[in-house]
Amino acid sequence: MDSKKQFLNPEFSPAFVDSPYVTQLCKITAGLYQHGWDERNGGNVSYRLLPEEVASYSGVHDVKRNLPIAFDASALKGQLYLVTGTGRYFKNVKDFPERDAGLVRIAEDGHSVDLLWGFNDGGQPTSEFPAHLMTHIQRQKQDANQRVVMHCHPTNLIAMSFTLPLESKLFSRLLWKMQAESVVVFPEGIGVIPYMTPGTNEIGQATAEAMADYRLVLWPQHGIFGAGDSMDETFGLIETAEKAALIYSTIQAQGGKFVNEITDQNLKDLCARFDITPNQDFIDGDSLIK
Ligand code: 2HA
Ligand code: ZN
């Protein structure tokens, strides 16, 4: 047997479940659960993999099932997505990855996906798959290295969406001003869409539209969507925004009166130091000190 054949022989190929991609998904879903951001079946993650990244693994070369999707994803035809399942609990993914996650390939016509691995008890991709795929389409236009979309329910960001006007500029500036990291990590700010019904194409479209300008989009009274080039980067975006929201909540618990603040000039100096261009529409505005 020549070496190429040997490589493709299942006897010599590692199982996909042991790949670093599945391991990363297990670690990130467990991490999101431990943060308290994905109670019960809350949250979902999709991770675009390249054909060459999965080619050498066994268990991913046959189509197990074909699953319809309710919008046109033909812009992504042929692309592979490792995605969490509808109704599945993030606390369990690490113990049952082959049941609670799946690897799908977007079919040629864009109206279905071929299941190549996982969902081995008959499961399907997350109910938020339309929002994920629409976000991947949008972010790939902005960034050829776009890989990950992550949705979760971070407590303090959700809480802020009950007490503040739903305006992208207001949320972006507040989160920027809660800690020095924020403007460096998300200089474009955070997009805020209106409250909409989860799991619909409509919320997917609104999210994807906002994703033209932002990598973080807040779903009021529900959660957040993040997009990025890697699991770490995407998790890091959400983690940084939620930490800023926790500081905001703590300030409110301390009475909510600002005596000191990170000024607009402080933000500009941070951006200059880290060679970053902040969203020019958001960088100037009201002081937090009244
Ligand atoms: O997957 O979080 O928005 C469960 C959800 C729906
Ligand atoms: Zn949700």
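Order of appearance sets the numbers: ligands from 1, and atoms from 1 within every ligand.
- Between Gly42 and ligand 1, a contact under 3.5 Å exists for no N or O pair.
- Considering only non-hydrogen protein atoms, atom 6 (C) of ligand 1 sits nearest to Glu128 OE2, 3.1 Å.
- Residue His151 approaches ligand 1 through these ligand atoms, each under 4.0 Å from one of its heavy atoms: 2 (O), 3 (O).
- Classification of the Phe129-Tyr81 ring pair by plane angle, with boundaries at 30° and 60°, yields perpendicular.
- Arg105 has a carboxylate O that lies under 4.0 Å from a charged side-chain N of Asp114, or vice versa, which qualifies the two as a salt bridge.
- Taking every non-hydrogen atom of Asn44 and a distance limit under 4.0 Å, the qualifying atoms of ligand 1 come out as 1 (O), 2 (O), 4 (C), 5 (C).
- In summary, Glu233 and Arg215 engage in a salt bridge, as defined by a charged side-chain N under 4.0 Å from a carboxylate O.
- The closest donor-acceptor contact from the side chain of Gln146 to the backbone of Val148 lies under 3.5 Å.
- Salt bridge Glu53/Arg48: absent, no basic N to carboxylate O contact under 4.0 Å.
- Near Asn41, meaning under 4.0 Å from one of its heavy atoms, ligand 1 places the atoms 1 (O), 4 (C).
- Annotation: His153 places an N or O atom under 3.5 Å from an N or O atom of ligand 1; distance criterion only.
- Contacts of Glu261 classified as salt bridge (charged side-chain N to carboxylate O under 4.0 Å, His left out), with partners at least two apart in sequence or in another chain: Lys177.
- Of all protein N/O/S atoms, those under 2.8 Å from the Zn ion (ligand 2) are His151 NE2, His153 NE2, His222 NE2, and waters are not counted.
- His151 and Trp219 have tilted rings, their planes meeting at an angle from 30° to 60° on a 0 to 90° scale.
- Taking a cutoff of 4.0 Å between a charged side-chain nitrogen and a carboxylate oxygen, Asp264 and Arg173 qualify as a salt bridge.
- At distances below 3.5 Å, at least one donor-acceptor pair connects side-chain atoms of Thr200 with backbone N or O atoms of Ile203.
- Near His222, with a cut-off below 4.0 Å to any heavy atom, the atoms of ligand 1 are 3 (O).
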